[in-house]
Number of protein chains: 2
Amino acid sequence: MIERCLQEEARLREFLKGAQVFRQGDVARAVFYVVDGEVQLCRFGRRGERIIVHRARAGEYFAEASLESKRYHCDAIVMKPARLLEVPAARFRYVLRSDPDFAQRWSALLSRQLQIVRARAERMSLVGAAERVRHYLATAGSGPRLEVELRGSIKDLAAELGLTHETLYRTLARMQKSGEIEREGSRLRRRRASV
Amino acid sequence: MIERCLQEEARLREFLKGAQVFRQGDVARAVFYVVDGEVQLCRFGRRGERIIVHRARAGEYFAEASLESKRYHCDAIVMKPARLLEVPAARFRYVLRSDPDFAQRWSALLSRQLQIVRARAERMSLVGAAERVRHYLATAGSGPRLEVELRGSIKDLAAELGLTHETLYRTLARMQKSGEIEREGSRLRRRRASV
DNA sequence: CGTCGCATTGATATCGCTCAAATCCGGTGG
DNA sequence: CCACCGGATTTGAGCGATATCAATGCGACG
């Protein structure tokens, strides 16, 4: 749920699939909260490859950095029709200053984000597709078998892991055949319980 | 400089090169501030490869996540003899709640960290060593020629870019020969001004 | 029914990792 | 002052993993 203290500052906006909430280089005016739907923050390399910087889902904020930055650093593209709460950066800063409770929760939220992104960066420095899959399960999975509920397509996961989708398909197939992991619809887990 | 409001809460500790400030799995008791020296936060893969999660230098905090987490997620190893201010997590949280100014600055600091790490993760998803170098200059460089002052060895930079040092040497040599970049001691920049 | 995007598998080339070795450089101790 | 040492730097050779290109099947959706 969005913080109550922000709610009255926010404007609700609806977007269709494919819409752009903002583009790289736009003046950073607002922080957003996803009521429902999904927004992808991405950049495009010189050859048009899409690099997913972040995926914001229901219940998450995005463009937090607009509090600290003059302009947006990436595109925000609506992947699933979404309703977003738009909180002007100035209002947000004001609430942040005036509500210590909220400030604390906000810090906590940023810290958690930081951990997740660091895990991702760490994962990308691993060599070998299988190692990345293992690391992904280890950091994003839950329970003794490190189960993960895939929220998007395998292609999306491939992007998250910094692999091409072909390589990921093959790697998953190999890991299944060797009995290391199981797939069950959109669930992915280790076959044997981990340490 | 460390925040004045934290100073009286902190204990100054000195470490020799190679010392461990804490290890992965230790109970997360404190946030640290680097007065001088350098501390590397790293994990070790199963084959002993060192993965640098973060490098904290004079004027920076590290282990911010210990505010949100029961245990440390990585090792902290002193690379250059360091003096650290250790702020107990509880004290830190208290200051965070009671000093809105500080809370705001802390949020800003976390946001900036987040941006940097996101840039790093994005960089690692690029294919080709030269692309990574270009991206590094683009995100970490300053001025029209995207100049960067290298703070460590080329080996360190290689780790930051997720390449082996051999590959990075070769790539840099190639980029210099082709006239794309210049090296001047520990400075690295584009030869031609960027867009 | 046609189209579009995802899933899957195949073939191939390339790039970066690995192992190896020579040089350089700063520091350290005799 | 010199010998020595460890670590960084640099270059070489070869292999394997992954990106890339290509083709097909499949399901959703209009």
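To find a chain, count down the sequence lines: A is the first, B the second, and so on, and within it residues start at 1. All values below come from the heavy atoms of this structure, side chains included, with hydrogens, waters and symmetry mates left out.
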Give the rounded distance in Å between these two atoms: [atom1] of [X] and [atom2] of [N].
{"X": "A/L150", "N": "C/dC6", "atom1": "CG", "atom2": "P", "answer": "15 Å"}
{"X": "B/R132", "N": "D/dT18", "atom1": "CZ", "atom2": "P", "answer": "13 Å"}
{"X": "A/K80", "N": "C/dG5", "atom1": "NZ", "atom2": "C1'", "answer": "15 Å"}
{"X": "B/L172", "N": "C/dG16", "atom1": "CG", "atom2": "P", "answer": "12 Å"}
{"X": "A/M124", "N": "D/dT18", "atom1": "CE", "atom2": "P", "answer": "13 Å"}
{"X": "B/M175", "N": "C/dG16", "atom1": "CE", "atom2": "P", "answer": "11 Å"}
{"X": "A/L126", "N": "D/dA17", "atom1": "CG", "atom2": "P", "answer": "16 Å"}
{"X": "B/R174", "N": "D/dT11", "atom1": "CZ", "atom2": "C1'", "answer": "12 Å"}

Exercise for the section: Using a cut-off of strictly less than 4.0 Å, decide whether A/S153 has a side-chain nitrogen or oxygen near OP1 or OP2 of C/dC6. Expected result: no

Practice task
Please tell me which of A/A130 and B/D156 maps to the more 5' nucleotide of DNA chain D, matching each residue to the nucleotide holding its nearest heavy atom.
Solution key: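 Checking each residue's closest nucleotide, the 5'-ward one belongs to B/D156.
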
Practice task
List the steps and the verdict of side-chain contact (heavy atoms from CB on, under 4.5 Å) for A/R118 and B/Q113.
Solution key: CA-CA 10 Å; A/R118 284 218 175 108; B/Q113 288 286 317; 3.3 Å; yes

Handout entry: B/R11 and B/L85, any side-chain heavy atoms less than 4.5 Å apart
Key =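 Not in contact.
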
Are the side chain of [X] and the backbone of [Y] linked by a donor-acceptor contact shorter than 3.5 Å?
{"X": "B/S125", "Y": "B/E122", "answer": "yes"}
{"X": "B/R145", "Y": "B/R191", "answer": "yes"}
{"X": "A/E68", "Y": "A/A65", "answer": "no"}

Practice task
Could you check whether A/G152 gets within reach of a base, just the sugar-phosphate, or nothing at all, counting any heavy atom under 4.0 Å?
Solution key: nothing

Handout entry: side-chain contact (heavy atoms from CB on, under 4.5 Å) between B/S107 and A/S107, worked out
Key = CA-CA 6 Å; B/S107 290; A/S107 289; 3.8 Å; yes

Problem - Nearest-0.5 Å distance that lies between atom CZ in A/R132 and atom OG1 in A/T167 - result: 10.0 Å

Practice task
Compute whether any side-chain donor of one residue and acceptor of the other, for A/Q115 and A/R112, lie under 3.5 angstrom apart.
Solution key: no

Handout entry: Aromatic plane relationship, B/F32 with B/Y72 - under 30° parallel, 30 to 60° tilted, over 60° perpendicular
Key = tilted

Please enumerate all protein N or O atoms sitting under 3.5 Å from an N or O of nucleotides 8-14 of chain C, with distances to 0.1 Å.
{"unit_1": "C/dG10", "atom_1": "N7", "unit_2": "A/R170", "atom_2": "NH1", "d": "2.7"}
{"unit_1": "C/dG10", "atom_1": "O6", "unit_2": "A/R170", "atom_2": "NH2", "d": "3.2"}
{"unit_1": "C/dA11", "atom_1": "N6", "unit_2": "A/R170", "atom_2": "NH2", "d": "3.2"}

Practice task
With axes from five pairs an end, tell me the bend angle of the helix from C/dC1-D/dG30 to C/dG30-D/dC1, nearest 10°.
Solution key: 40°

